[in-house]
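Below is one structure, written out as structure tokens; the observations come after it.
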Amino acid sequence: MKETSSHKLDTNDKFDAIIVGAGHAGCEAAAACAFRGLKTLLLTINLDTIGALSCNPAIGGLAKGHMVKEIDALGGMMGVWADAAGIQFRVLNTSKGPAVRSSRAQMDRDVYKKVVQEYLFSLDNLLIFQDTVEELLIENNCIKGVKTAYGMKYLSDNVLLTTGTFLQGLLHVGLKSFSGGRMGDPASFGISEQLKKLGFEIGRLKTGTTPRILNESIDFSKMEKQDGDNPPHGFSFRTKDIPLKQLPCYMTWTNEKTHDIIRNSLDRSPLYSGIIKGTGARYCPSIEDKIARFPDKERHQVFIEPEGLSSVEYYPNGISTSLPFDVQKDFVRSIVGLENAQILRPGYAIEYDFIPPTQLTASLETKIIQGLYCAGQINGTSGYEEAAAQGLYAALNIIAKHCKLPAFHLKRNEAYIAVLVDDLITKGTAEPYRMFTSRAEHRLLLREGNADLRLTEKGHEFGLIKNEQWKTFQEKRTETETIVSILQETYIKPTPTVVEKLTSIGGVAPGKSVNLAALLRQPDLSLEALSVLWPETAPALASFQAAAKEEAQTQICYEGYIKRQEELVLKSNFIENKIIPADIDYTQIASLSAEVVEKLKNIRPSTLGQASRISGITPAALMCVEIHIKKLAKIPLINA
């Protein structure tokens with residue numbers, strides 16, 4: 001769907017979508033809108049840093065890898081870009097069940113940035129321009145465009161803010177503070193104050209990064225080497241091979257000397273001296289925070305991660321800090337293997353403004369200004385993956401509005417992305433939000449391996465799935481269904497030959513006729529091992545793709561657990577699908593307390609299910625709302 005080419009777009013055009021910020025949320029949103037045919041403008045403070053990995057050089061991790069897979073299944077690009085730039089791939093939690101296995105990969109920073117930029121600049125319908133947005137153009141509570149530092153006005157009825165840490169960003173190294181969106185880039189001013197005047201609540205958060213170390217100054221022989229998976233497994237369902245050379249990571253630990261240096265310097269920490277006002281991430285604390293909060297812990301892990309094949313820098317993951325540079329140098333050199341470490345860049349903390357996300361609708365559109373969307377750290381999240389997921393989610397809703405499609409909506413049992421969005425708009429966040437598998441109540445249904453089976457059809461409906469990806473998806477789905485059918489329909493009897501074959505592969509012979517699915521559930525058997533019993537009338541097991549075999553085996557082995565979760569989903573659908581009228585007046589529900597009324601008025605949940613997840617909304621209060629809706633005879637069901 002190519003309406004025009006990027007070189008024909010002009011800044012005088014009225015755009016279908018304007019994306020402000022070119023971090024992970026902005027890049028994902030711009031790619032989706034432009035690919036779908038929307039005339040899209042991507043504005044960034046610095047063209048050179050489009051797609052930059054501002055903090056650690058890695059993508060994925062626990063639950064985060066799930067979201068990268070989901071982005072890919074919907075037609076997004078993060079997984080493709082990561083596979084092109086990955087220099088170490090690992091599947092985490094391989095000893096545990098499939099629900100919590102997650103992919104993580106180290107990136108070559110320069111290559112990742114290059115592949116992102118090459119893709120975006122190749123897109124039709126996308127104009128990329130270096131400028132700073134200072135004002136939102138608004139008429140009658142509707143967005144009309146943006147005004148920039150160059151005095152330019154760009155017009156659109158859909159503006160997506162993906163400003164990351166740039167809104168009134170303030171960097172801290174020790175007791176010295178200076179303005180910036182990240183080290184080396186200016187902060188953005190103007191938007192925060194305007195949003196306040198428009199009635200938005202604005203909060204303040206804090207994040208940080210580590211000092212970077214010269215590779216030649218590290219003694220890797222004193223550290224524990226960590227190789228990636230061989231062969232490496234990429235994120236994208238579209239990836240056929242991993243192109244870059246793979247590198248190891250290393251692990252070391254802090255020690256009591258490290259901790260003493262940090263304890264004795266807390267009076268010089270902006271975090272503990274009161275200079276930093278923003279709330280930091282509880283689940284990704286700075287090293288000084290770890291020492292202060294866990295005084296009895298003798299050591300903390302430090303992962304020494306390469307930043308690229310040609311980079312001289314290593315990233316010591318686990319020692320994020322804002323302590324003064326002299327203290328950073330001393331405590332880094334107290335760590336085994338880093339005794340002679342040369343720091344090339346200091347670690348620092350950054351404070352920035354965010355919009356508490358309960359001010360957003362389920363489409364990530366603001367409730368106050370129609371057509372204004374927010375995605376990424378501006379919504380209070382942390383992490384590249386959370387940002388990219390929101391960028392794509394908001395873009396899909398902009399596409400839906402432009403193309404007159406139904407709004408894009410996912411349920412909590414369909415995707416981690418849905419859990420992310422629902423948590424943000426329903427519960428809000430007072431600290432940088434990070435995704436965990438424990439946040440998803442139906443996580444056995446939300447496995448990495450079935451992300452394509454869950455979401456590719458939805459991406460196809462919105463026009464983001466290329467023909468080749470659609471064909472690959474259909475083949476995997478068909479093959480998975482075929483394997484499952486063969487396993488369920490093929491019965492074997494415990495004849496001497498069968499008993500001998502089962503014993504040879506470590507299985508236990510059944511006492512009666514059973515199907516292959518029942519045998520596969522034996523703890524010591526795998527699908528490949530059962531090939532000795534594979535029916536000759538069926539296609540050869542080796543002819544099926546590995547992804548289909550893996551998914552079929554998971555579906556069979558965890559069938560009982562999966563069915564239980566599906567039953568819970570059906571029960572929860574009773575309230576999840578009950579719509580709360582947008583114009584409901586909660587003050588007319590006599591049995592509700594003033595506190596409950598205030599929370600419901602502020603968040604304005606769209607369904608009873610969403611209302612049930614608001615902190616402080618009791619089952620009794622929920623029942624009162626349900627009874628009131630029934631009285632109004634306004635209780636239609638959402639289309640399943």
Side-chain angles (χ1 to χ4, degrees), residues 1 28-29 31-37 59-60 63-83 98-99 101-103 119 233-240 385 388-400 403 405-421 440 442-484 544-555 562 566 569 639-640:
M1 300 184 63
E28 203 68 64
C33 288
F35 179 79
R36 187 59 175 82
I59 284 176
K64 292 169 176 279
H66 289 74
M67 285 192 292
V68 179
K69 293 271 191 179
E70 291 175 352
I71 290 167
D72 186 74
L74 287 167
M77 293 303 299
M78 177 173 261
V80 175
W81 295 332
D83 289 350
R101 293 174 197 156
S102 298
S103 299
Y119 181 82
H233 301 283
F235 287 105
S236 177
F237 295 100
R238 293 167 263 180
T239 296
K240 291 183 171 56
E385 305 81 7
Q390 293 171 74
L392 179 59
Y393 199 97
L396 284 163
N397 276 292
I398 292 172
I399 290 167
C403 299
L405 297 170
F408 180 75
H409 175 73
L410 293 174
K411 298 177 183 177
R412 292 178 70 94
N413 64 291
E414 292 179 313
Y416 273 92
I417 296 175
V419 175
L420 168 68
V421 172
H442 305 298
R443 56 185 171 272
L444 188 53
L445 303 180
L446 308 181
R447 307 180 301 277
E448 272 197 355
N450 73 348
D452 54 343
L453 301 180
R454 289 185 276 120
L455 299 173
T456 302
E457 282 192 289
K458 293 182 182 292
H460 190 254
E461 290 170 9
F462 279 79
L464 293 190
I465 304 299
K466 299 179 177 69
N467 291 336
E468 184 178 353
Q469 184 179 359
W470 181 244
K471 180 183 176 184
T472 300
F473 159 72
Q474 288 181 308
E475 288 173 351
K476 177 187 171 181
R477 181 172 60 179
T478 299
E479 289 187 13
T480 301
E481 291 171 351
T482 301
I483 296 170
V484 169
F544 295 101
Q545 57 181 286
K549 288 188 282 190
E550 183 178 352
E551 176 58 25
Q553 178 165 319
T554 299
Q555 288 183 17
I562 292 171
E566 288 173 342
V569 169
N639 291 330

* Distance (rounded to the nearest 0.5 Å) between Thr239 OG1 and His233 NE2 -> 13.0 Å
* Whether Glu28 side chain and Met78 backbone form a donor-acceptor pair below 3.5 Å -> yes
* Asked: Is there a side-chain contact between Ser102 and Glu448 (heavy atoms, below 4.5 Å)?
  -> yes
* Asked: Between CH2 of Trp81 and CD1 of Ile59, what distance do you get to the nearest 0.5 Å?
  -> 9.5 Å
* Charged N to carboxylate O under 4.0 angstrom, Glu550 versus Arg447? -> no
* Point-to-point distance, once rounded to the nearest 0.5 Å, from CD of Gln545 to CD of Glu475 -> 6.5 Å
* Within a strict 4.5 Å, meaning less than it, do heavy atoms of the Phe235 and Val80 side chains meet? -> no
* Asked: Between Ser236 and Gly79, what is the shortest heavy-atom contact and its length?
  -> CB-C, 3.8 Å
* **Side-chain heavy atoms of Leu453 within contact of Gln555, under 4.5 Å** => yes
* Asn413 side chain to Val569 main-chain N or O, any donor-acceptor pair under 3.5 Å? -> no
* Do Phe473 and Glu468 come within less than 4.5 Å of each other through their side chains, counting heavy atoms only? -> no
* Asked: When rounded to the nearest 0.5 angstrom, what is the spacing between NZ in Lys64 and CG in Leu420?
  -> 10.0 Å
* Asked: Would you say the side chain of Lys476 lies within less than 4.5 Å of the side chain of Phe237, judging by non-hydrogen atoms?
  -> yes
* Asked: Is there a donor-acceptor contact under 3.5 Å from the side chain of Gln469 to the main chain of Asp72?
  -> yes
* Asked: Leu446 and Ala415: which non-hydrogen atoms are nearest, and at how many Å?
  -> CD2-N, 3.4 Å
* Taking the side chain as every heavy atom from C-beta outward, state whether Glu70 and Glu414 have any pair of such atoms under 4.5 Å apart. => no
* Asked: Taking all non-hydrogen atoms of both residues, which atom of Ile465 and which atom of Gly459 are closest, and how far apart?
  -> CG1-C, 3.4 Å
* Would you kindly check if the NZ (Lys) or CZ (Arg) of Lys69 is within the cone defined by 45 degrees around the ring axis of Tyr416 and under 6.0 Å from the six-membered ring centre? => no
* Structure fact -> Result for side-chain contact (heavy atoms from CB on, under 4.5 Å) between Phe544 and one of Thr480, Thr482, Thr478 points to Thr482
* Quick one: are Arg443 and His66 in side-chain contact, heavy atoms under 4.5 Å? -> no
* Taking all atoms of both residues into account, what is the closest heavy-atom pair of Ile562 and Thr554, and its distance? -> CD1-O, 4.3 Å
* Heavy-atom pair of closest approach, residues Ala99 and Leu444 -> CB-CA, 3.8 Å
* Residue from Thr456, Asp452, Asn450 passing side-chain hydrogen bond (donor to acceptor under 3.5 Å, both in side chains) with Arg454 -> Asn450
* Work out which heavy atom in Cys33 is nearest to a heavy atom in Ile398; give both atom names and the distance. => SG-CG2, 4.4 Å
* Asked: Crowded around Lys471 NZ? As in, over 12 foreign heavy atoms under 6.0 Å?
  -> no
* To do: Please check if the side chain of Asn397 supplies one atom and the backbone of Phe408 the other of a donor-acceptor pair under 3.5 Å.
  => yes
* So do the side chains of Glu457 and Trp470 get within less than 4.5 Å of each other, counting heavy atoms only? -> yes
* Distance from Arg238 atom CZ to Asp83 atom CG, nearest 0.5 Å? -> 9.5 Å
